[in-house]
Amino acid sequence: MSQTRIAFVDLVALLKPIFLRYGTSEEVAQILAINCALCERDGATSHGIFRMRGYVDSLSTGWVDGKAIPVIEDVAPAFLRVDARNGFAQPALAMARDVLVEKTLKNGIALLAIRHSHHLSALWPDLEPFAEQGFLALSMVNSFACTVPHGGHSAVFGTNPIAFAVPTASGTPLVFDMATSSMANGDVQIAARENRLLPEGSGLDDAGLPTQDPKKILNGGALLPFGGHKGSSISMMVELLGAALTGGHYSFEFDWSGHAGAATPHTGQLIILINAKHSGGAPFGHRAEVLVDQMKSAGVTRLPGEHRHRTRLETDRNGIPITPEELAGLSQL
Ligand code: NDP
């Protein structure tokens with residue numbers, strides 16, 4: 001059957017009651033429904049509708065508190081902590097956002113350390129609005145142990161994404177957002193569902209041998225970090241900043257075995273904001289364009305974030321594609 005198209009607001013309206021039905025507050029439902037619809041709108045489908053089952057299972061097994069009220073701790077002039085109290089990270093960020101911006105404007109730089117939080121989405125929706133406001137933004141989230149550190153034999157790290165967004169003179173932020181594992185877990189799941197093999201170097205099977213079979217990686221195997229020892233060190237940094245600094249769990253530290261189906265890692269998120277106005281020399285946005293132009297002159301035809309932004313232009317015009325299977329899955333939930 002062919003796909004249909006749905007407007008962004010209609011998709012939010014379709015998703016929000018599902019969150020409410022499985023026990024979130026009105027505010028949390030609104031934030032997560034928008035977040036999920038943003039991913040689908042931008043073609044980041046590994047964190048769109050596909051994730052609804054994970055949200056629902058995490059909520060219905062009592063693994064995550066969909067009504068948690070985060071607590072803000074103002075610990076230093078440029079250091080803000082939030083205890084998400086076993087709720088989702090995005091509502092914690094929403095609550096702390098204004099204070100974080102205020103601190104960044106005052107100090108030139110500020111950081112937000114969210115702990116006891118669950119993040120099941122992409123990071124760019126958290127950062128892009130900051131870059132649109134003129135800030136450089138960096139974020140990291142650790143997840144659940146499914147990635148073997150370089151030289152090791154068992155999973156310690158999560159897929160540990162890192163994202164960075166900066167303003168440019170053109171007005172469209174330059175953004176990258178990537179797992180520090182060879183690939184994101186959602187993409188491994190999608191490949192398993194579609195019976196597709198993964199690229200070489202993606203992961204190991206349960207005997208520690210290299211495999212391209214996503215099912216073997218998911219069933220007792222593990223992912224590898226991207227870029228060998230270098231990616232492994234970056235993933236280690238994400239653990240330290242996402243967990244040790246925030247006060248959250250390391251990816252290997254929580255036990256969700258009593259919550260079958262739960263999909264939201266119980267970890268932490270760090271966000272660092274820098275006011276671009278304080279850059280030296282020419283305005284930061286112009287300097288960013290100089291770099292972009294040079295990359296394009298060097299033959300680069302796709303910048304990070306560009307594919308999403310192009311998809312967004314198309315879906316804003318024509319609606320977000322949704323398959324009958326996806327619609328049926330949502331109505332089931
Ligand atoms: P990808 O490898 O698909 O993309 C990583 C980045 O590289 C993106 O910014 C992307 O831009 C860019 N990019 C991709 N292909 C190219 C190319 N050919 N040339 C130039 N730039 C390119 O991402 P991952 O699979 O590593 O991660 C996917 C998502 O999963 C991320 O959003 C991440 O935050 C999320 N994630 C979330 C976790 C969590 O616990 N919450 C855990 C792990 C991952 P573009 O977006 O435009 O394609």
Side-chain angles (χ1 to χ4, degrees), residues 32 35-36 38-48 50-51 54-55 58 64 84 88-90 92-93 114 117-128 131 137-147 155 157-166 172-191 198-199 201-203 214 217 223-227 231 234-235 238-239 241-243 246 248-251 254 256 262-271 292 295-296 298-315:
L32 293 182
N35 185 288
C36 192
L38 286 174
C39 290
E40 203 63 40
R41 177 201 67 180
D42 276 20
T45 48
S46 63
H47 291 85
F50 166 72
R51 290 288 176 171
Y55 281 114
S58 288
V64 58
F88 291 102
Q90 292 88 349
L93 167 59
I114 302 173
S117 52
H118 296 251
H119 203 301
L120 189 62
S121 187
L123 301 191
W124 60 262
D126 301 344
L127 296 194
E128 231 171 51
L138 179 70
S139 184
M140 283 156 245
V141 170
N142 63 317
S143 62
F144 67 94
C146 59
T147 305
F157 302 152
T159 47
N160 293 2
I162 180 165
F164 183 57
V166 301
T172 305
L174 187 59
V175 188
F176 76 76
D177 177 14
M178 52 173 237
T180 54
S181 50
S182 59
M183 59 196 302
N185 211 269
D187 285 327
V188 184
Q189 290 173 40
I190 291 173
L198 303 178
S202 295
I217 291 175
L223 285 163
L224 288 166
F226 86 98
I234 293 176
S235 190
V238 176
E239 290 291 341
L241 295 179
T246 64
H249 296 118
Y250 282 123
S251 295
F254 57 87
W256 52 3
T264 58
H266 187 170
T267 53
Q269 176 174 17
L270 186 81
I271 295 177
V292 164
M295 288 165 75
K296 287 187 173 161
V300 171
T301 54
R302 176 178 168 183
L303 291 165
E306 233 171 33
H307 180 70
R308 266 192 317 100
H309 292 143
R310 261 202 300 271
T311 308
R312 185 183 305 176
L313 281 178
E314 195 273 319
T315 53

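All figures in this text were calculated on a predicted structure; none of them were measured in a lab. As the structure lists them, so they are numbered: ligands from 1, and atoms in each ligand from 1.
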Contact region, Asp187 to ligand 1, non-hydrogen atoms below 4.0 Å, reads side chain
- Between the side chains of Ser121 and Asn35, does any donor sit under 3.5 Å from an acceptor? yes
Atoms of ligand 1 under 4.0 Å from any heavy atom of His307, numbered from 1 in the order shown, are 47 (O), 48 (O)
re atom 38 (C) of ligand 1, the protein heavy-atom contact at minimum distance is Pro161 CG, 3.4 Å
Non-hydrogen side-chain atoms of Thr267 and His119 separated by less than 4.5 Å: no
Under 4.0 Å between heavy atoms, the region of Ser121 that gets near ligand 1 turns out to be backbone
Ligand 1 atoms nearer than 4.0 angstrom to some heavy atom of His119 are 39 (C), 40 (O), 41 (N)
Taking only non-hydrogen atoms of Phe176 and a 4.0 Å limit, the atoms of ligand 1 in range are 9 (O)
If you measure from each heavy atom of Ala163 to ligand 1, is any distance below 4.0 Å?
no
Restricting to heavy atoms, the pick from Arg302, Arg308, Arg312, His309 nearest atom 14 (C) of ligand 1 would be Arg302
In this structure, atom 1 (P) of ligand 1 is nearest to the protein heavy atom Asp177 O, 4.7 Å
Fill in: contact_flag Ser46 ligand 1 heavy-atom lt 4.0 Å
no
### Message
Are Phe226 and Ser235 packed together at the side-chain level, in the sense that at least one heavy-atom pair is separated by less than 4.5 angstrom?
### Response
no
Under a 4.5 Å cut-off applied to non-hydrogen side-chain atoms, are Ser143 and Asn185 in contact?
no
Atoms of ligand 1 under 4.0 Å from any heavy atom of Glu306, numbered from 1 in the order shown, are 47 (O)
Should Val175 and Arg308 count as side-chain neighbours, where that means a heavy-atom distance under 4.5 Å? yes
Output for pair (Glu314 CD, Asp42 CG), nearest 0.5 Å, gives 11.5 Å
**Message:** I want to check something: taking the side chain as every heavy atom from C-beta on, are Glu40 and Thr45 in contact at a cut-off of under 4.5 Å?
**Reply:** yes
- prompt: Is it true that the side chains of Glu239 and Ser251 contain a donor and an acceptor less than 3.5 Å apart?
  reply: yes
When distances are taken from atom 7 (O) of ligand 1, the protein heavy atom at minimum range is Pro304 CB, 4.5 Å
Worksheet item: Within a strict 4.5 Å, meaning less than it, do heavy atoms of the Asn142 and Pro265 side chains meet?
Response: no
Quick look: Ala122 vs ligand 1, heavy-atom contacts under 4.0 Å, and the answer is both
of all protein heavy atoms, closest to atom 30 (O) of ligand 1 is His47 CE1, 2.8 Å
among protein heavy atoms, the one nearest atom 43 (C) of ligand 1 is Thr159 OG1, 3.1 Å
task = Return a yes/no value for Ala179: is any of its N or O atoms, backbone included, closer than 3.5 angstrom to an N or O of ligand 1?
result = yes
Next on the checklist: Using heavy atoms and a 4.0 Å limit, tell me yes or no: is Met183 in contact with ligand 1?
Outcome noted: no
CD of Gln90 to CG of Asp126, rounded to nearest 0.5 Å, is 5.5 Å
Per-atom filter on ligand 1: closer than 4.0 angstrom to a heavy atom of Leu123 are 34 (O)
Do side-chain atoms of Arg51 reach the backbone of Ser46 as a donor and acceptor pair under 3.5 angstrom? yes
re atom 28 (C) of ligand 1, the protein heavy-atom contact at minimum distance is Ala184 CB, 4.1 Å
- Do any nitrogen or oxygen atoms of Ser143 come within less than 3.5 Å of a nitrogen or oxygen of ligand 1? no
Nearest non-hydrogen protein atom to atom 11 (O) of ligand 1, with distance, is Gly305 N, 3.1 Å
Classify the angle between the aromatic ring planes of Phe176 and Phe164 as parallel (below 30°), tilted (30 to 60°) or perpendicular (above 60°). tilted
Any chance the side chains of Asn160 and Thr180 put a donor and an acceptor closer than 3.5 Å? no
